[in-house]
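Numbers for residues simply follow the sequence, beginning at 1.
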Amino acid sequence: MSNTIVAIGAHTGDVQLTCGMLLAKQAMRGDKIITIDLTAGERGAPQGMTTDEFREKNIASAEKFAKMIGGESIVFDEKDGELYANKEIELKVATILRQKQATHVLYHWKNSLHKDHRHASVIADNAVFFASLRTFHMDDLNPAPIRRTLYAENWEDAEDFKPYFYFDVSEAFPLWKEAIKNLWLAEHSKDFPYLRFYEALAISRGARIKADYATAFGIDEYAKINKIDYL
């Protein structure tokens, strides 16, 4: 049985960098992959390019990334730097989760130095709630059969983040590395060496599980409890 995995990020580049290796691996195994960028990250425009131009470039880059790994890209119209959690956007995401019948949702850890990331985490949390709730009716759409939510490891979301699940992504790493180069910030950002960092992180995480490359995700503390039925 195939899965439908939806990765939700605050800006174009967030899930492609943090979740992309796992998304590529699961796509190679037949799962359906959807990325949702809540903003296009246009305020990171390089010198000589307007925010509108950079927005269009990032939308096109996200589409190219998704196609290369065999997925689908969705980019919202929210403005970069002005992302806020509210019921309207939460229901918009929840509608997609129901339409796509998501089984797994990947998104930002709740603590971050970036305000957009913190709001994106709340948006995703509440969207999962609305999408999953059987008694919450949304245009006759069936509830999404979400079985697992995971927090991505993002350098800006490091406060109290604890990796819990490690995934060997060695087979998908070459595809991811080629696909991520479609995003301008991966190799050209003056603020942070994104590609270098996430490649090094994948090597480090891989060493922990005796793999060439791995990616790690966190979960809520309550989800770590093992339920045992006593007879």
Side-chain angles (χ1 to χ4, degrees), residues 5-20 22-23 33-45 51-52 54-56 58-59 61-62 65-66 72-100 102 104-133 136 138 144 146 148-164 183-185 189 191-192 194 197-198 216-223:
I5 304 173
V6 179
I8 304 168
H11 314 96
T12 297
D14 284 324
V15 296
Q16 291 84 357
L17 285 161
T18 63
C19 306
L22 181 60
L23 298 177
I33 303 298
I34 300 104
T35 59
I36 299 176
D37 302 330
L38 299 175
T39 81
E42 68 274 6
R43 289 210 163 98
T51 54
D52 286 342
F54 197 50
R55 172 181 169 77
E56 294 306 312
N58 283 349
I59 291 172
S61 297
F65 177 91
E72 175 186 355
S73 170
I74 299 170
V75 182
F76 281 17
D77 294 329
E78 303 297 315
K79 292 183 179 180
D80 182 11
E82 301 179 44
L83 182 65
Y84 295 99
N86 58 67
K87 189 175 180 180
E88 181 180 0
I89 194 170
E90 291 163 2
L91 291 180
K92 186 175 179 179
V93 176
T95 297
I96 295 172
L97 297 179
R98 287 198 176 199
Q99 289 172 336
K100 303 298 183 181
H104 298 72
V105 184
L106 318 178
Y107 54 99
H108 289 278
W109 170 239
K110 60 191 70 178
N111 297 325
S112 178
L113 59 85
H114 199 307
K115 63 168 289 297
D116 282 0
H117 291 200
R118 296 194 300 270
H119 284 279
S121 184
V122 174
I123 290 166
D125 261 337
N126 291 335
V128 167
F129 171 79
F130 288 126
S132 305
L133 188 60
F136 189 80
M138 300 178 63
I146 298 168
R148 172 77 69 186
T149 60
L150 297 173
Y151 295 117
E153 186 169 20
N154 187 307
W155 78 272
E156 292 180 297
D157 307 347
E159 183 183 347
D160 297 328
F161 177 87
K162 296 178 181 178
Y164 188 78
L183 278 74
W184 177 88
L185 61 74
S189 173
D191 300 317
F192 191 79
Y194 287 94
F197 176 84
Y198 285 104
F217 291 80
I219 60 173
D220 286 303
E221 284 298 321
Y222 72 82

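- Side-chain contact check for L91 versus F136: some heavy-atom pair is nearer than 4.5 Å.
- A distance of 10.0 Å separates CG of L150 from CG of D220, quoted to the nearest 0.5 Å.
- Every residue two or more places apart in sequence or in another chain that forms a side-chain contact (heavy atoms from CB on, under 4.5 Å) with S112 is listed here: H114, H117, R118, E156, D157.
- A donor-acceptor pair is defined here as one N or O able to donate and one able to accept, closer than 3.5 Å; such a pair exists between the side chain of Y198 and the backbone of W155.
- Atom CG of L97 is separated from atom CZ of F129 by 13.5 Å, given to the nearest 0.5 angstrom.
- Judged by distance alone, the side chain of W109 and the main-chain N or O of K162 form no donor-acceptor pair under 3.5 Å.
- Stacking of K115 on the aromatic ring of Y84 is recorded, both the 6.0 Å distance cut-off and the 45° axial limit being met.
- Panel note: side chain N86, backbone I89; a donor-acceptor pair is recorded below 3.5 Å.
- Atoms CZ and CZ, from F217 and F161 in turn, are 8.0 Å apart once rounded to the nearest 0.5 Å.
- Proximity of D116 to H108: side-chain heavy atoms (C-beta onward) are nowhere separated by under 4.5 Å.
- Taking a 6.0 Å sphere around CZ of F197, one finds it holds more than 12 heavy atoms contributed by other residues, nucleotides or ligands.
- Of all heavy-atom pairs spanning A94 and A127, the tightest one is CB-O, 3.5 Å.
- Contact of the T12 side chain with the I59 side chain is not registered, since no non-hydrogen atoms from C-beta on lie closer than 4.5 Å.
- Judged by distance alone, with hydrogens and angles left aside, the side-chain atoms of T39 form no donor-acceptor pair with the main-chain N or O of K79 at under 3.5 Å.
- Taking CD of E56 as the reference point, atom OG of S61 lies at 11.0 Å (rounded to 0.5 Å).
- Here Y151 and Y107 bring their ring centres to under 6.0 angstrom of each other.
- Of the residues T18, T35, T149, L23, the one that meets the side-chain contact (heavy atoms from CB on, under 4.5 Å) test with L106 is L23.
- Going from atom OG of S189 over to atom CG of L183 covers 11.5 Å, rounded to the nearest 0.5 Å.
- Every side-chain contact (heavy atoms from CB on, under 4.5 Å) that A85 has, sequence neighbours left out, goes to E90, H119, V122, I123.
- One distance of note links CZ of F76 with NZ of K92; it measures 4.5 Å at 0.5 Å rounding.
- The residue from D80, D37, D77 that alone fulfils the salt bridge (charged side-chain N to carboxylate O under 4.0 Å, His left out) condition with R55 is D77.
- N58 places none of its side-chain heavy atoms less than 4.5 Å from the side chain of L185.
- When all heavy atoms of D14 and G9 are compared, the closest pair comes out as CB-CA, 4.3 Å.
- Considering only residues two or more places apart in sequence or on other chains, Q99 meets the side-chain contact (heavy atoms from CB on, under 4.5 Å) condition with T95, I96, L141.
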